[in-house]
Every structure is written in C-alpha cells, then in structure tokens.
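Just so you know, these numbers use all the heavy atoms, side chains as well, and skip hydrogens, waters and symmetry mates. Below, chains carry the letters A, B, ... as their sequence lines are ordered, and counting in each starts from 1.
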Amino acid sequence: MDSRYNHSSVEAKWQKIWEDLRVFRAAGETGRPKRYVLEMFPYPSGRIHMGHVRNYAIGDVVARVFRMRGYDVLHPMGWDAFGLPAENAAIDRGVPPARWTLENIAYMKGQLKKLGLSYDWSREVTTCAPEYYKWNQWFFLKMLDRGLAYKKVSVVNWCPSCETVLANEQVEGGRCWRCDAAVVPKELSQWFFKITAYAEELLADCDRLTGWPERVLTMQRNWIGRSSGVEVRFPLAEPVPGEKEIGIFTTRPDTLYGVTFMSLAPEHPLVEPLIAGLPEAEKVREAAAMMRAEDRIARSAEGGEKHGVFTGRHAVNPLTGRKVPIWVANFVLPEYGTGAIMAVPAHDQRDFEFARKYALPIEVVIGPPGVPLDPKTMAEAYTEPGVLVNSGPFSGVSSQEAKEKISDHVEAKGLGERRVNYRLRDWGISRQRYWGTPIPVVYCEKCGIVPVPEKDLPVLLPEDVSLTGKGASPLAATDAFAAAPCPACGAAARRETDTMDTFVDSSWYFLRYTSPGRDDRPFDSAEAERWMPVDHYIGGIEHAVLHLLYSRFFMKVLRDLGLVSAGEPFESLLTQGMVIKDGAKMSKSKGNVVDPDALIEKYGADTARLFSLFAAPPEKDLDWNDRGVEGAHRFLGRLWRLVSENREWMLKDAGRRPAGDETGDARKLRRSTHAAIKKVTEDFDRGFQLNTAIAALMEHINVLTRFAADSSLGPGSATDVRLSFVEGVETLVVLLSPFAPHISEEVWAELGHATLAAMEPWPAADPGLVRAEDVEIVVQVNGKLRSRLTFPAGTPEASLREAALADPKIRPQIGGRPIRKVIVVPDRLVNVVV
RNA sequence: GCCGAAGUGGUGGAAUUGGUAGACACGCUAGAUUCAGGGUCUAGUGGGCCUCGCGCCUGUGGGGGUUCGAGUCCCCCCUUCGGCACCA
C-alpha cells in the first residue's frame with residue numbers, strides 16, 4: 001500500500017470493477033422492498049457544472065445507503081435532450097442539433113462516470129430518440145381523443161429572441177425563463193393541454209404531499225390560485241342586437257349593492273357590439289386598441305396606470321335595478337373569470353382608484369360596525385369584513401354571512417351561479433422550433449385537423465433541415481416534412497410544423513426508466529407499479545411550478561388512461577440549494593465558475609463529492625470555497641494514512657469483532673464507533689442532513705487517529721484494544737463508502753476484504769455502547785453555569801442534588817441565601833434557585 | 001403589498017424534546033518535525049475584563065415577554081433572500 005493516496009488510478013479502477021460486476025443494476029426482485037431514487041436529469045448543454053455535481057452526489061449517497069440497507073434500489077439517469085441550445089449551436093456553428101446533442105451526451109456521461117455515481121446505466125433514457133418521443137406523440141393523441149389536447153387561437157407569450165411561444169409558467173417577471181428577453185403578446189393558433197381540468201385535484205392533492213417542502217407546495221397552491229365566488233349576469237340597459245347581458249365573476253357578492261359601474265377587458269367580445277353605431281364608437285375602438293397593445297408587463301404590474309373609456313352603454317344591477325355605465329378598463333384581464341367585472345369602488349382598491357380618476361360615484365355598502373364611512377372623505381377602499389348597509393334586505397348582516405345569503409339569493413332568482421375560478425391557465429405546448437417532438441396532426445383542406453394514426457408513429461423529426469434562425473419555423477420551411485397525405489382521405493395536406501414544449505418530455509421520463517426498452521407501449525404497467533412513485537426526487541427549486549406541476553398533471557392523466565394507479569409521481573422531494581461562489585451563483589459572465597473536470601483531476605471525485613456534501617445542508621445554498629475543498633481532501637488523506645500505518649497488523653484481525661466486555665481504552669474506541677454509526681444513520685434519516693453526518697465521521701477519525709498516535713498500538717496490543725480499533729476503522733470505511741466510494745473500496749480491500757464496501761450491510765449501533773458511562777452534570781445557580789461535576793450515568797436525582805449543594809464552587813454562590821427550589825434534570829444539570 | 005424561508009465567531013456551518021451556545025471544517029496564532037517551501041502533527045482561537053483564577057462579565061439581527069432555565073416558545077420591529085404580484 002502506497003503511503004500517499006493516488007486518486008486517479010484508484011478511482012478509475014473501482015469504476016471499472018463496479019461496471020464489470022453490474023453492481024448498481026436494479027434487480028426488480030419482489031422479495032426485497034424497493035426504493036426509487038431519482039435526480040432531475042440534465043439538459044446536455046456540453047459539460048456538467050457544480051450544481052450537477054452537488055445534485056448527483058446527494059442522490060448517490062441516498063441510493064447507496066438504501067442499497068446497503070438491503071433495498072432493491074432503482075437509480076437511473078438520462079438526458080433531457082430536446083431544446084433550443086442545440087438549434088443555436090446549429091445556427092452559430094453549423095453543427096446539426098442531433099450530432100451536437102449526442103456528442104454532449106457522450107462527454108457528459110463520461111463526466112458522470114468519473115464521479116463514481118451508482119447509476120443503472122442500462123436504463124438510460126434520451127428524450128430526443130424517436131423511441132422516446134414516439135410516446136410523447138402517443139400521449140398527445142390519447143389526450144386529443146379525450147379532449148385534453150385542443151387547439152385555439154389566443155394571445156400568447158412570444159419570446160422574440162427564442163422566436164417561440166412560452167407557457168405562462170415559463171414567463172418570469174415578464175421575461176423569458178431561458179433567455180431573459182422581454183416577452184411580447186402575440187396572437188397565434190396553438191395547441192394546449194387542458195391542465196385546468198385537473199386544477200382542483202392538483203390543488204387538493206398538495207395536502208397529501210407530506211414529503212414535499214412547504215414552500216414548493218405554497219408556490220404550487222398560489223400558482224393554481226383557486227378562488228370561489230359567484231358569476232352574475234347584468235342585463236344590458238339599452239337594446240343591442242344579438243346581446244342581452246354581461247356576465248361577471250366576483251368573490252365579493254356581499255358588495256353587489258355597491259356596484260356603480262362595470263368594466264370590460266379591452267379584448268372582451270362584447271366591446272364591439274356594444275359600441276357599434278354609437279357616435280363615440282371610433283374613440284372607444286381606438287382606446288381599446290391602445291390598451292390591447294400596451295406592454296404586457298406594464299399592464300399587469302401593480303401600481304400601473306389604470307385607465308379606461310366609457311362605452312356609452314349601461315347595464316342594470318339585477319339586484320337593485322340600478323342603471324350603471326359600462327366602461328372598458330386596461331386592468332381587467334381577458335383570460336380571468338369572464339373578462340368583465342362589476343365595479344364596487346367603495347370596497348375594491350382598483351375600482352376606487354378608477355372611480356376617483358373618472359369621477360364615478362362611490363357608494364358604501366359595508367362598514368365597520370357603528371362607524372359610518374363617508375365616500376367623500378375615504379382615502380382608500382374599505383376591504384375589511386364589516387356589516388352591510390344600504391343593501392336592501394341584507395342591511396345589518398355581517399359581510400361574512402352576506403356572502404352566502406346573497407349568493408343564495410342570486411341563485412334562487414336565476415341571476416347567476418356560484419363558481420370557482422382558477423388562476424391556472426391551460427398549458428400551451430406549441431413551439432415554433434425544430435429540435436423537439438413533432439405534434440402528430442395533419443391539416444387537410446377537406447377533413448380539417450386529422451390526427452396521425454397510432455400505427456404511423458413516430459412522426460420522425462427530419463435531420464436534413466436548414467437552420468438559419470431567421471423567419472418561420474424550420475419545419476414549416478421543409479417541404480419534405482410538411483407536405484403529407486391526409487390520413488383520412490389521402491389528399492395532399494400539410495403537417496403540423498410546430499413541435500412540443502420540452503417540458504412534455506420531462507413530464508413522464510421517470511416512468512420510462514421503469515421499463516426503458518418497451519417498443520410497444522410507453523412503459524410496462526407492472527414495472528411502473530413496482531417502482532412508482534419515485535420515493536426520493538432530488539433537484540433544483542427552479543422547477544417548483546414548472547416541471548413539478550406538469551409531471552403531476554401527466555401522472556393524473558396517465559392514471560385516468562389506466563396506465564398507472566398512483567396519482568402522484570413524487571413521494572418526497574428534496575430541493576437542493578444553489579452553488580454560490582464569491583456571493584453569486586456560478587456563471588461564466590461572473591467568472592466564478594469551478595470546473596468539475598479540473599477539480600476531479602486535482603483532488604479526485606471523492607473529494608469533490610465530499611466537499612459538496614459537507615459544506616452545507618442539501619437544501620441550503622452552498623458557498624464554494626477552495627480552502628474547504630482542501631479540508632475535505634485532507635480528511636481523506638488522514639484516512640489513507642491511518643490505514644497504511646496500521647494495515648500490517650490489522651490484516652491479521654480483519655473482520656474480527658471484540659467480545660463485548662471491554663473496558664478502558666477499548667470501550668472508549670467502541671463508544672466512538674457506535675456513536676458515529678448512530679449519528680450518521682440518524683442524520684441520514686432526518687432529511688438527509690449529510691453535512692453533519694460527515695462531521696460525525698470526522699469526529700470519529702479524530703478519535704482513532706489520536707488513539708493510534710498516543711498509544712503504542714500494534715500486534716502486541718491487548719486483543720480487546722486491537723479488535724476495537726479494527727472495528728472502529730472498518731466501520732468508518734463502511735459508513736464513508738456512500739460519500740467517498742472509491743477510496744473506501746480501496747481501503748476496504750487493503751484491509752483484507754474480498755467483498756465490496758458498496759455491498760456491505762449498513763452497520764447497526766449498539767445502544768449499550770453509545771450510552772456514556774460517565775456524564776458531566778452542569779450545576780447552575782439561578783440559571784447561570786457555576787460548576788461541572790462528573791457522575792456515572794443514571795445517578796439518582798437525590799444524589800445529584802446533594803452533590804451540587806455540597807459543591808465548594810456552589811456554596812459561595814448561594815452565599816447563605818435561602819434555597820427556593822432545586823431543579824434536577826437527570827444526566828444533564830442541576831439548577832439551584834435562590 | 002401578499003406568501004414563504006432565513007438572520008449564530010474572522011468564514012462555511014452545529015446545537016434532534018426549552019437544559020453546557022459555537023460540534024465539524026476553513027482561516028488565523030504559537031510550537032514540533034535537522035525547520036527552504038510544502039506536507040504532516042500538537043496546542044490555542046466568540047468578545048471583554050483581569051487580582052491571570054482553570055476567575056468574572058458578556059454574547060445567537062433589535063426590543064419586550066413566558067420560564068428555575070430561551071438560539072429554541074410568545075408579541076412587536078429591522079434586515080436579507082426566494083416566490084407571487086391589478087386574478088375581480
């Protein structure tokens with residue numbers, strides 16, 4: 001055994017052995033309990049970054065520990081391989097997207113292998129492979145069949161830089177989630193997945209996801225945005241051909257008596273019929289057009305300028321008979337509720353501001369009990385609960401109660417119905433891009449939209465496409481692809497040339513891993529039953545509402561298609577923090593990037609893994625620090641030295657364990673060993689607190705190292721000391737093996753073991769050994785620490801009390817004052833209250 | 001504005017049920033190794049006072065409170081980060 005540790009040769013050696021022995025294949029045995037450990041698969045951008053290293057190191061420890069605990073572990077890896085960067089590479093450098101992607105995958109796979117991650121590579125999944133995206137198309141057809149996929153013209157979020165549409169979830173603060181360009185509105189005909197059909201269930205099931213971080217659930221709940229209220233129909237006051245009423249949605253039916261005007265979104269279909277023929281029509285038309293053209297962000301930002309225009313028409317409040325003017329207002333959103341609102345300026349801040357600006361009447365219908373509000377002097381809307389006034393038969397009723405009573409009244413009179421509204425919009429999946437899954441439909445002049453028959457799947461993405469980055473979608477410009485016969489009548493027709501959002505790919509990949517080879521169906525239901533749900537899903541918080549919501553939706557759709565029985569894909573979720581350096585997220589532009597290849601080259605994969613796990617708890621941001629990396633590396637060096645210096649004599653005792661009647665040094669060594677087992681095991685079970693688990697291993701090695709240095713440890717030492725030391729070192733190696741697997745295997749072998757450390761059973765702590773024999777009792781006077789005494793564990797309260805009061809350091813502190821109380825916490829402290 | 005998370009030494013972070021604050025690591029200081037450097041090892045390291053005793057005071061963003069005892073529980077406030085942001 002060399003006196004210095006050579007990480008390069010050792011790491012390569014064990015990676016090959018693991019691979020040759022197929023150690024990490026999921027067995028699929030029914031006799032053992034299963035664990036499905038999954039990390040979010042990467043986009044093959046070219047190279048892995050430190051965020052990946054951290055993510056995959058965490059997941060690998062989880063997978064390895066469960067394996068050692070006897071579970072049949074599924075721990076797969078794959079590639080989220082469709083996406084825009086591949087097209088950009090093609091445009092910038094003329095490399096075909098497929099080639100660029102596959103080359104990146106090959107390189108990154110090599111990087112992951114160099115990290116010693118325990119993946120079952122036989123299940124590798126690549127989403128840009130036709131064998132994979134065929135099933136995206138198949139799901140699309142199933143959803144089309146069930147009305148869960150549909151096409152409509154709508155105003156969409158257009159990213160001018162990516163030249164494609166974005167789903168609502170993919171717009172962050174008015175900017176593209178990927179390239180940060182300002183998003184603009186654009187009217188397009190698009191395919192949608194009807195995620196709103198599952199809004200209620202997606203919301204309700206958040207309560208069942210007890211293994212998820214609360215903040216992610218909060219974000220999902222907010223995103224779904226359920227609100228319940230009433231839809232009320234307001235008849236038009238003047239005759240308008242073909243129209244007779246305006247439907248509005250409100251969550252405040254208790255304020256119905258305070259309506260003083262109505263506001264329509266400028267996009268509302270009623271605007272044109274209302275104004276047609278009126279003298280002010282042209283003015284209103286122009287104003288509405290300007291509002292529609294307003295910058296989307298400015299229009300939806302709070303504090304943004306509210307403005308509007310009077311249509312010249314009126315509606316009638318169905319409860320009071322009062323005639324109120326109909327306005328068009330920029331702040332009314334066309335896609336929420338009915339795109340029209342009743343305005344109650346006294347009790348809604350937006351309506352209040354609008355009313356003040358245009359001198360519209362303000363009528364108070366709710367007030368704090370006994371304090372009349374005066375509309376003339378109000379500085380803002382009164383939105384708190386209160387008691388109804390000026391509300392006909394409902395005056396005097398609390399606003400809380402009035403909500404129900406007025407809703408009942410509205411329904412009874414046939415004026416409207418209770419309704420639930422969601423902020424969640426349907427998921428627009430059309431992308432005007434090349435490198436994605438073709439949407440399997442054909443447009444026929446005679447037959448209309450015709451789905452591609454299942455037997456003709458996959459609709460292959462053509463490879464000989466010219467990508468210029470200019471003009472229309474690349475597929476639309478490729479006649480060989482776009483021209484196709486109608487599947488129904490055979491006439492010349494055109495294919496859909498949009499591709500699917502890549503989030504479709506990642507919405508079910510975890511199911512594909514359970515049976516990646518199936519070519520007759522997306523996955524084998526029996527295998528999915530065995531492995532699903534994913535027990536531990538680990539990845540970045542940035543997918544809190546994107547990927548994680550879409551996957552939940554898909555799972556429910558697949559359940560309703562009868563393909564799976566579970567309705568939730570991820571039992572528990574760990575959102576790991578970002579990797580930070582010099583106060584900022586690592587990025588090329590900031591020049592604070594740490595390259596994993598260079599790190600592995602210099603220190604080895606074990607060091608890279610260990611530091612990623614040690615520097616912070618998994619869910620918190622990790623501050624990268626090169627000195628800290630050195631520290632992790634030194635720890636491994638100490639292990640190596642400890643073993644190499646004692647190896648010779650330890651070999652004779654390999655695998656032997658002490659008898660159990662140890663005292664003195666042997667007992668102390670054993671206590672350290674079993675305390676380490678207990679701590680590492682508990683930290684792992686307590687939400688994967690891997691940083692403190694590693695600290696416990698460091699404490700243990702410090703005990704072993706110090707002992708080896710202080711005593712003349714060797715073949716001549718007493719048997720119980722030798723065996724306790726061997727137990728300490730061997731246990732350390734086994735406990736460390738999930739964190740730093742390569743050095744652990746090497747040291748394990750050097751200690752005379754023919755087995756793999758990775759396959760060793762996880763050790764169990766002996767509680768009798770962990771318990772300390774002597775404990776230090778803290779003695780306090782009035783809660784302040786005054787003395788420390790050592791006692792055997794389990795000393796009775798009375799003895800502790802007596803000894804504390806007799807303590808020479810305590811007596812002067814009491815100073816003859818009367819003792820009011822003595823609190824004794826066994827094995828911990830005595831507090832004398834005077 | 002609303003929702004959520006957090007605030008502990010020079011730094012990253014521990015403290016699991018209200019019971020010794022600062023585990024572990026980095027950094028720093030001193031020493032050892034025939035000491036160029038590096039490596040390795042040992043000791044010390046929250047702040048302040050000091051009669052240098054294994055002494056006293058103080059200390060977990062700030063201010064109150066509950067308690068024999070609070071980093072931990074309650075109330076108010078401040079700061080930072082993340083999400084949502086005219087959703088009727």
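Between A/Tyr5 and A/Trp640, the angle of the ring planes lies from 30° to 60°, which puts this pair in the tilted group.
Among B/C26, B/C56, B/A25, the nucleotide with an atom closest to any side-chain atom of A/Met698 is B/A25. Here B/U20 is the nucleotide among B/U20, B/G13, B/C84 with the atom lying nearest to any side-chain atom of A/Arg828. Side-chain proximity of A/Arg788 to B/G13, B/U20, B/G19: nearest is B/U20. With B/A14, B/C3, B/A88 as the choices, the nucleotide that has an atom nearest any side-chain atom of A/Tyr336 turns out to be B/A88. Considering only side-chain atoms of A/Ile823, the nucleotide from B/C57, B/C86, B/C68 that sits closest is B/C68. Taking every side-chain heavy atom of A/Ala615 into account, B/G12 is the closest of B/G12, B/C68, B/U40. Nearest nucleotide to the side chain of A/Asp623, out of B/U42, B/G12, B/C87: B/G12.
In this structure, A/Lys678 reaches neither bases nor backbone, as no heavy-atom distance under 4.0 Å exists between it and the strands shown. As judged by a 4.0 angstrom heavy-atom cut-off over every strand, A/Arg221 is placed among residues making no nucleic acid contact. Heavy atoms of A/Gly631 sit under 4.0 angstrom from primed sugar atoms or phosphate atoms, though from no base atom. Residue-level contact check: A/Glu214 touches neither bases nor backbone, having no heavy atom under 4.0 Å from any strand. Residue A/Asn702 is in sugar-phosphate contact alone, with no base atom involved, counting any heavy-atom pair closer than 4.0 Å across all strands shown.
Between A/Arg221 and A/Glu214 there is a salt bridge, with a side-chain nitrogen of the basic residue lying less than 4.0 Å from a carboxylate oxygen of the acidic one.
Base pairing annotation: B/U29 forms a Watson-Crick or G-U wobble pair with B/A43, both donor-acceptor distances under 3.5 Å. Under the Watson-Crick and G-U wobble criteria, each requiring two contacts below 3.5 Å, nucleotide B/U17 is left unpaired. Base pairing of B/G38: no nucleotide in any strand meets the Watson-Crick or G-U wobble criterion (both distances under 3.5 Å). Of all nucleotides present, none satisfies the Watson-Crick or G-U wobble test against B/C52 with each distance under 3.5 Å. Applying the Watson-Crick and G-U wobble criteria (two distances, each under 3.5 Å), B/G9 pairs with nothing in any strand. Remark: B/G4 base-pairs with B/C81; criterion is Watson-Crick or G-U wobble with both hydrogen-bond distances under 3.5 Å. For B/G22, there is no paired base (Watson-Crick or G-U wobble, both distances below 3.5 Å).
Look at A/Arg350 and you'll find a side-chain N or O under 4.0 angstrom from OP1 or OP2 of B/C87. Remark: A/Arg706 is not in phosphate contact with B/C41, judged by side-chain N or O atoms under 4.0 Å from OP1 or OP2.
Counting only distance, with no hydrogens or angles, the side chain of A/Asp683 and the backbone of A/Leu690 share no donor-acceptor pair below 3.5 Å.
Scanning atom types as modelled, no donor and acceptor separated by under 3.5 angstrom connect the side chain of A/Lys784 and the base of B/U20. Side-chain to base pairing of A/Arg252 with B/A88: no donor and acceptor N or O lie closer than 3.5 Å to each other. Side chain A/Asn831 to base B/C68: a donor-acceptor pair is found below 3.5 Å.
Rounded to the nearest 0.5 angstrom, A/Leu639 CG and A/Leu732 CG are separated by 5.5 Å.
Heavy atoms from other residues, nucleotides or ligands lying under 6.0 Å from CZ of A/Arg423 number more than 12.
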